[in-house]
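Input: a single structure, listed below in structure tokens.
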Amino acid sequence: MTPRLLFIEDNAALLQNLYDYFEGRGYRLDSARDGLAGLRLASGGDCDLIVLDLGLPRLDGLDLCRRLRAELAVQTPILILTARDAVEQRVAGLRAGADDYLIKPFALAELEARIEALLRRSRPGQTPLTAYADLTLDVANAHAERAGHTLALTPTELKLLEALLRAAPRLVRRSELEHLLWPDQPPDSDALRTHIHGLRQAVDRPFARPLIETVRGLGYRLVDPDAD
Ligand code: CA
């Protein structure tokens, strides 16, 4: 799932630069141009990280930060943007509950690196990744990729892939997979095969080397063709 960033920044030119840069990198973006609008969006809680300018009209960034943390108990990571000479502002920002700061003017690549670091810290274990060969599955977000390409999978295919990934490179028996999908009774003997076929279309067909192997009469497993 792509992270959603909230920029609270009154400088229109800087905001435009932020949009150009981060939209191009696949982030989802929201923004507010003053402190009160920012507070309203931030307290909605559906962004993953807030980039907060301190000098804002209507409600100062420091007050906004304090209110989010102390009054509204919002835990979203906050990165503050401050002026070069404002050491006491940076300290006050961190005391008010900000997680990091960046001094203006800054390189967008550095902002991105700090955002990535904060996002990593803020969700340890929340989105366990399961990986094998060039395949990754973000279980919590139901997002699978192979070699960096998103795989379009049905919920059933995601379940199958998760079971195969967790066992990889060991075999998972047909009966286990059937029990996983249909705890009461499998619909018919070809149903599992049909779903595996769909999974293969997404996971293996676009790529040179197949990962899903049929072990005849027993079940399926993932095998990395590059491993020995
Ligand atoms: Ca400002």
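These numbers come from a predicted model, not from an experiment.
- With sequence neighbours excluded, the residues satisfying ring-ring contact (aromatic ring centres under 6.0 Å, His included) with F22 are F7, Y27.
- In this structure, A32 and A37 approach most closely via the heavy-atom pair CB-C, 3.8 Å.
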* Run the numbers on T82 and V87 for side-chain contact (heavy atoms from CB on, under 4.5 Å), then give the verdict. => CA-CA 9 Å; T82 75; V87 178; over 6 Å; no
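- Between the side chains of N17 and D20, not a single donor N or O lies within less than 3.5 Å of an accepting N or O.
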Distance-only donor-acceptor pairs under 3.5 Å for side chains of residues 173-187, two or more places apart:
residue : atom : partner : partner atom : Å
R174    : NH1  : Y220    : OH           : 3.4
R174    : NH2  : S189    : O            : 3.2

* **K104 and D53: CA distance, side-chain angles, deciding distance, salt bridge (Lys or Arg N to Asp or Glu O under 4.0 Å) verdict** => CA-CA 10 Å; K104 287 179 167 183; D53 183 34; 3.1 Å; yes
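- Proximity of a side-chain donor or acceptor of E162 to a complementary backbone N or O of K159 within less than 3.5 Å is not detected.
- Taking 4.5 Å as the limit, every side-chain heavy atom of H143 sits out of range of all side-chain heavy atoms of L137.
- Taking the side chain as every heavy atom from C-beta outward, R193 and H197 never approach each other to under 4.5 Å.
- Remark: R216 engages no residue in a salt bridge (charged side-chain N to carboxylate O under 4.0 Å, His left out) (not counting sequence neighbours).
- Here the closest non-hydrogen pair linking G97 and C65 is C-SG, 4.0 Å.
- At least one side-chain heavy atom of R200 sits under 4.5 Å from a side-chain heavy atom of T214.
- Residues E112 and R25 meet the side-chain proximity criterion, which asks for heavy atoms closer than 4.5 Å.
- Two residues are said to be in side-chain contact when any heavy atoms from C-beta on lie closer than 4.5 Å; L199 and T154 fail this criterion.
- Using a 4.5 Å cut-off between side-chain heavy atoms of Ile, Leu, Val, Met, Phe, Trp and Tyr, I50 falls into a hydrophobic cluster with L6, I8, L36, L39, L41, L52, L54, L56, L59, L62, L64, L68, L72, V74, I78, I80, L94, Y101, I103.
- Between D99 and R69 there is a salt bridge, since a side-chain N of the basic residue sits under 4.0 Å from a carboxylate O of the acidic one.
- A search for side chain to side chain contact (heavy atoms under 4.5 Å, CB included) contacts involving R33 returns A12, L15, not counting sequence neighbours.
- Taken to the nearest 0.5 Å, the CG atom of L161 stands 10.5 Å off from the CZ atom of R166.
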* To do: Test E9 against V51 for side-chain contact (heavy atoms from CB on, under 4.5 Å), laying out the working first.
  => CA-CA 8 Å; E9 169 62 67; V51 176; over 6 Å; no
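- Annotation: the span from E145 atom CD to L135 atom CG amounts to 9.5 Å, rounded to 0.5 Å.
- Side-chain contact between R221 and V215 is present, with heavy atoms from C-beta onward closer than 4.5 Å.
- E23 approaches L29 most closely through the heavy-atom pair CG-CD1, 3.5 Å.
- The CZ atom of R28 sits 6.5 Å away from atom CG of D48, with the distance rounded to the nearest 0.5 Å.
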* Pair E213-L222, side-chain contact (heavy atoms from CB on, under 4.5 Å): steps then yes or no -> CA-CA 6 Å; E213 185 179 276; L222 291 176; over 6 Å; no
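- The minimum heavy-atom distance between A163 and V172, with the atom names listed, is O-CG2, 3.9 Å.
- Here I196 contributes atom CD1 and L160 contributes atom CG; the two are 5.0 Å apart, rounded to the nearest 0.5 Å.
- Partners of A202 according to the side chain to side chain contact (heavy atoms under 4.5 Å, CB included) rule, which considers only residues two or more places apart in sequence or in another chain, are L153.
- When only modelled atom types and interatomic distance are considered, R4 and T76 share no side-chain donor-acceptor pair under 3.5 Å.
- If you take CD on E71 and OG on S43, they are separated by 10.5 Å, rounding to the nearest 0.5 Å.
- Cation-pi contact between R205 and F207: absent, since separation from the ring centre below 6.0 Å together with deviation from the ring axis within 45° is not met.
- Remark: side-chain polar atoms of N11 are paired, donor with acceptor, to backbone N or O of L14 under 3.5 angstrom.
- Side-chain contact between P57 and D34 is present, with heavy atoms from C-beta onward closer than 4.5 Å.
- A salt bridge does not link R209 to D204: none of the charged side-chain nitrogens sits closer than 4.0 Å to a carboxylate oxygen.
- Listed for the Y132 side chain is a donor-acceptor partner under 3.5 Å among the backbone atoms of D224.
- Separating the CG atom in L211 from the CG atom in L164 is a distance of 10.5 Å, to the nearest 0.5 Å.
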